[in-house]
Amino acid sequence: MSMSSPWLDIPLNDYEGHMAHPGVGQSSVIAELFDHAIMRWAPSSIAIIGCAGGNGFNKINPEVVKRVVAVDLNPQYIEKTRVRHTRRLPGLELLCADVQSESLNYGPVDLTYAALLFEYVDIDSALRTLKRNSRLGAALTTVLQLPHAAMPSVSPSPYRSLDCLASLMNLVAPEDLHSAARRAGFTSTDTAMVELASGKQFYVQNFKA
């Protein structure tokens, strides 16, 4: 992803409509996994990489999570997140940035959540950024989409602006992410498989910095 990324041309309404479409059904699962990570790791600070419009931010208790760093490449997504969530989350910090950049520094957090991110970035570059901005012992929860023999990587929906992602998306093998995370200085803790109503599967991997 770069500042000329196709992601900049996808309206947020299209993206959210696609992710919530009955034939896709991914937004609710991503939010639920985010909620599970918060409950499990009990962080006081969180970074959400590829935040879009703030899916799952309603799961954040601002009395417990004092700092929320939301990162996305698309400035329109960042602005919508600001409008939706700044009042309820006084500790919200919004960054329009590329996670692959060596200059991205937002300060150490207790938990990083990265769902359906690594399919679109250079894994090693992104993980170096996440490690650089993780406290010692911080958690990293990642969500990968697994290949499906009978379904395309980008599920069909009425939102045609997402068609451009088919050539951009690169499904990542869990073992490749595991190896890259280890190179970046993370240690694997556990994994889980989640099946969506569509029949596709997500692979959740948890690491410690």
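- Considering CD1 of I46 and SG of C51, their distance stands at 13.0 Å, rounded to 0.5 Å.
- The two residues I78 and A70 make their nearest non-hydrogen contact at CD1-O, 3.8 Å.
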Kindly determine whether E119 and L144 satisfy side-chain contact (heavy atoms from CB on, under 4.5 Å), including the steps that lead there. CA-CA 7 Å; E119 291 85 352; L144 296 176; 3.9 Å; yes
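- Ion pair D190/R40 flagged as a salt bridge, since at least one NZ, NE, NH1 or NH2 atom sits closer than 4.0 Å to an Asp/Glu carboxylate oxygen.
- Judged purely by atom type and a 3.5 angstrom limit, Q205 uses its side chain to pair as donor or acceptor with the backbone of P174.
- Formation of a donor-acceptor pair under 3.5 Å by the Q100 side chain with backbone atoms of D122 is found in this model.
- Of all heavy-atom pairs between A115 and I30, the closest is CB-CG2, 3.9 Å.
- No hydrogens or angles considered: a donor-acceptor pair under 3.5 Å links the side chains of R132 and T129.
- Both V65 and F57 are part of a single hydrophobic cluster, where members link through side-chain heavy atoms under 4.5 Å apart.
- Residues Q26 and H18 have side chains not in contact (no heavy-atom distance under 4.5 Å, counting atoms from C-beta outward).
- In the hydrophobic clustering of this structure, L95 does not group with V83; members are Ile, Leu, Val, Met, Phe, Trp, Tyr whose side-chain heavy atoms approach within less than 4.5 Å, directly or through other members.
- A donor-acceptor pair shorter than 3.5 Å cannot be found between the side chains of S27 and N55.
- Minimum interatomic distance between P75 and L8 (heavy atoms only, all atoms of both residues): CD-CD2, 3.9 Å.
- The aromatic rings of Y120 and W7 sit perpendicular, their planes meeting at an angle over 60°, well past the 30° parallel limit.
- Proximity of D110 to W41: side-chain heavy atoms (C-beta onward) are nowhere separated by under 4.5 Å.
- A distance-only check finds no donor-acceptor pair linking the side chain of D14 to the backbone of Y159 [under 3.5 Å].
- Listed for the D72 side chain is no donor-acceptor partner under 3.5 Å among the backbone atoms of Y77.
- Residues V69 and I48 fail the side-chain proximity criterion, which asks for heavy atoms closer than 4.5 Å.
- At a threshold of 4.5 Å between side-chain heavy atoms, the hydrophobic network of Ile, Leu, Val, Met, Phe, Trp and Tyr places L117 and L104 in one connected group.
- The two residues R128 and A184 come nearest to each other via the heavy atoms N-CB, 4.3 Å.
- V194 and Y113 fall within a single hydrophobic cluster, where Ile, Leu, Val, Met, Phe, Trp and Tyr side chains are chained together by heavy-atom contacts under 4.5 Å.
- Side-chain atoms of R84 never come within 3.5 Å of backbone atoms of E79 as a donor-acceptor pair (strictly under, hydrogens ignored).
- We find the CG-CG distance between L168 and L162 to be 11.0 Å, quoted to the nearest 0.5 Å.
- Nearest heavy atoms, G54 versus T81: N-OG1, 3.5 Å.
- Between V204 and T142 the shortest side-chain heavy-atom distance does not fall below 4.5 Å.
- How far NE2 of H148 is from CG of L171: 12.0 Å, rounded to the nearest 0.5 Å.
- For the atom pair NZ of K200 and CG of L146, the computed distance is 10.5 Å after rounding to the nearest 0.5 Å.
- Listed for the N206 side chain is no donor-acceptor partner under 3.5 Å among the backbone atoms of T189.
- Side-chain contact check for P158 versus H21: some heavy-atom pair is nearer than 4.5 Å.
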Is there a side-chain contact (heavy atoms from CB on, under 4.5 Å) between F186 and K208 once you walk through the steps? CA-CA 5 Å; F186 289 99; K208 282 295 191 77; over 6 Å; no
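- Remark: the E63 side chain and the N61 side chain contain no N/O donor-acceptor pair separated by less than 3.5 Å.
- Both M19 and V29 belong to a common hydrophobic cluster when Ile, Leu, Val, Met, Phe, Trp and Tyr are linked at side-chain heavy-atom distances under 4.5 angstrom.
- A distance-only check finds no donor-acceptor pair linking the side chain of Q201 to the backbone of M193 [under 3.5 Å].
- S134 places none of its side-chain heavy atoms less than 4.5 Å from the side chain of P108.
- Side-chain N or O atoms of T141 include none that pairs as donor or acceptor with a backbone N or O of L111 at under 3.5 Å.
- Other residues, nucleotides and ligands contribute only 12 or fewer heavy atoms inside 6.0 Å of the CD atom of Q76.
- A distance-only check finds a donor-acceptor pair linking the side chain of N133 to the backbone of Y106 [under 3.5 Å].
- The two residues L89 and P62 come nearest to each other via the heavy atoms CD2-CB, 4.0 Å.
- Between T191 and Y203 the shortest side-chain heavy-atom distance falls below 4.5 Å.
- A distance of 13.0 Å separates NZ of K59 from NE2 of H36, quoted to the nearest 0.5 Å.
- In this structure, Y15 and N74 have side chains that are not in contact, with every pair of non-hydrogen atoms separated by 4.5 Å or more.
- A salt bridge does not link E175 to R182: none of the charged side-chain nitrogens sits closer than 4.0 Å to a carboxylate oxygen.
- T112 contributes atom OG1, which lies 6.0 Å from atom CD1 of I49 (distance to the nearest 0.5 angstrom).
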